[in-house]
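First comes the structure, then the notes that go with it.
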2 protein chains.
Amino acid sequence: MKKIKKYHQIQEYIKKRIQTQKYPPDSYLPSENEFCVQFGTTRTTVRKALEELLKEGFIAKEQGKGSKVLERGKYLGLLSVKGFSGSTDYKVKTRVTVEPKVVEWDPIIGFPLSEDEKSSKCVYFQRVRYIDDKPVVLENNWYALDALEPIRSEEFVEGSFFKTLSQEYLIEIMGAEQELRSVPASGDIAKKMGITVGAPILHISIRFRTSRPNLNLYGDLYCNTTDYPIRNSYFL
Amino acid sequence: MKKIKKYHQIQEYIKKRIQTQKYPPDSYLPSENEFCVQFGTTRTTVRKALEELLKEGFIAKEQGKGSKVLERGKYLGLLSVKGFSGSTDYKVKTRVTVEPKVVEWDPIIGFPLSEDEKSSKCVYFQRVRYIDDKPVVLENNWYALDALEPIRSEEFVEGSFFKTLSQEYLIEIMGAEQELRSVPASGDIAKKMGITVGAPILHISIRFRTSRPNLNLYGDLYCNTTDYPIRNSYFL
DNA sequence: TATTTTAACTTGTCCATACAATATATCTGA
DNA sequence: TCAGATATATTGTATGGACAAGTTAAAATA
């Protein structure tokens, strides 16, 4: 018999409302006292729930005003956890160069697969990101077919795979491991990125852990950092 | 008249004890109730202080056991906030190739300087990190002379500049901005890193913000990722 | 002796309350 | 009309207490 934590229930309730846009971005949540009445509890418990959502990056708190719903989950590490879309201010165009399809696992994936994943086929798709009509990032993605059905790229919410996971499937990114290398561009990559063969390019392998136990998302990114270096900032 | 927050006082007290090794790494802090008696307050307030220290990465909490003092501040972003030393498990040797000395600011620094910084001279030093006697990282560092005296490399605590700041000067890293590029190695870099000119190398510009208001640390890293890629992981 | 139970101590959750600090709209007076 | 005071709603800090859950070592038991 598992103990249900009240603050966790409230936390999940609010999170789901945010994900389904019942509490839309930039709006303010009901006040702490209103949640107290709604859930028949005290501010201590409501505040604990809100604090968890703060840590998860779903809300921001403003003293004297309220708790504001944030646009996206917080970012940490090299890239936004919501993928490339959220990591730059420039206008990014995305072209799906390989539609999601079921294939065998590609040995290029830089992480060991679990037994469950190995025994499953996988869904693969490839996208290229453009800034000012110049290709800047080539991105390969894989995930186990057994863990999640293939999603057609036309169904991506606002063109974002991660937004789709969050809003349509209620799957959240829990964390990630990344590996970065500076490598010479291969002929294939150079062609797709419009650069010369052997030019230095940033290669990033990523494994995203998700809130769905058996679902990992694998990514393989090639970034032309000549004009647009990767930026990130963090604070403690 | 600024309001003193009790939990913040307790937080700073414990932090200083950790920094000065009065609470050494891997030891357990006094229990929450003991702190209550010591500071004449309640567990709510003590727990708030401990939670802040948890977020800052100074301690880990273990239910039923206590709060354990951690070895290093937590890491986020690309590299450990404590610098390169903490970011790998391999045996790293560090050679100081340029002793800390007062120079003019180098225009290579990829961040705009504040007026205070511009009007000051700066302290500069360069180190090379070796793994298996092969150079892997070349690191330049700068900071404003007005904000912090030059520290001789022989005085570095355990050879680490960041540990020295924390333990000798009680200066903590509050956050950082980074910029990553994949670039061809210049003649000078190639020579020092033992690679061929033009080989792809990872270039990272970093600005660390510290707890001392006017002190920023600037870094300029060249990493040979051929054998040792940069790894990082994070969780939400 | 070896195992199980118990007791003591730790952190985790939750309740009920009070007042401080901040933001915003409303009222008041010049 | 407009500036300043005021009232109200919000989050922030803090008190004091209770019981749950996990850890450990001592005590009881086989």
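So that the names make sense, note that chain A is the first sequence line, chain B the second, and so on, each numbered from 1. The figures here come from the full heavy-atom set of this structure, side chains too, leaving out hydrogens, waters and symmetry mates.
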query = With a 4.5 Å heavy-atom cut-off, do A:Tyr7 and A:Glu52 have their side chains touching?
reply = yes
query = Once you round it to whole Å, what is the distance between P of D:dA14 and CD of B:Glu51?
reply = 13 Å
task = Give a yes/no on whether any side-chain N or O of A:Arg43 is located under 4.0 angstrom from OP1 or OP2 of C:dA16.
result = no
task = Specify the separation, in whole Å, of atom NZ of A:Lys48 and atom P of C:dC15.
result = 14 Å
Rounded interatomic separation in angstrom, taking NE2 from A:His8 and P from C:dC14 = 11 Å
task = Examine D:dT13: is either OP1 or OP2 under 4.0 Å from a nitrogen or oxygen in the side chain of B:Lys5? Give yes or no.
result = yes
Nearest to side-chain heavy atoms of B:Gln63, which nucleotide of D:dA21, C:dT13, D:dG12 = D:dA21
task = Identify which nucleotide among C:dT22, D:dA21, C:dC15 has an atom closest to any side-chain atom of A:Thr41, counting heavy atoms from C-beta outward.
result = C:dC15
ask   = Can a donor-acceptor pair be found between the side chains of A:Asn140 and A:Tyr124 at a distance below 3.5 Å?
value = yes
message = Could you tell me if A:Arg207 sits above the aromatic ring of A:Tyr218, with its cationic atom closer than 6.0 Å to the ring centre and no more than 45 degrees from the axis?
response = no
inquiry  = Less than 4.0 angstrom between a side-chain N/O of A:Lys61 and OP1 or OP2 of D:dG12, yes or no?
reply    = yes
query = What is the distance, rounded to the nearest whole Å, between atom CZ of A:Arg47 and atom C1' of C:dC15?
reply = 15 Å
ask   = Less than 4.5 Å apart, any side-chain heavy atom of A:Ile204 and any of A:Ile206?
value = yes
message = Just to be sure I understand the rule, does A:Ser31 reach a base, reach only the sugar-phosphate, or reach nothing, if contact means heavy atoms closer than 4.0 Å?
response = sugar-phosphate
ask   = Hey, are A:Thr94 and A:Arg129 close enough side-chain-wise for a donor-acceptor pair under 3.5 Å?
value = yes
ask   = Which listed nucleotide (D:dT15, D:dG12, C:dA16) is nearest to the side chain of A:Thr42?
value = C:dA16
key: Between P of D:dT8 and CD of A:Glu32, the distance in whole Å   = 21 Å
message = How many whole angstroms separate atom NZ of B:Lys65 from atom P of C:dT10?
response = 14 Å
ask   = For A:Thr45, which contact category applies under a 4.0 Å heavy-atom criterion: base, sugar-phosphate, or nothing?
value = sugar-phosphate
task = Among C:dT13, C:dT11, D:dG16, find the nucleotide with the atom closest to the side chain of A:Tyr7.
result = C:dT13
request  = Could you tell me the separation between the CG atom of B:Asn33 and the C1' atom of C:dT11, rounded to a whole number of Å?
outcome  = 10 Å
query = When the distance from CZ of A:Phe35 to P of C:dC14 is rounded to whole Å, what number comes out?
reply = 16 Å
request  = Select one nucleotide: of D:dT11, C:dT11, D:dT15, the one nearest the side-chain heavy atoms of B:Lys6.
outcome  = D:dT15
query = Quick one: is A:Thr44 getting a side-chain N or O under 4.0 Å of the C:dT13 phosphate, OP1 or OP2?
reply = no
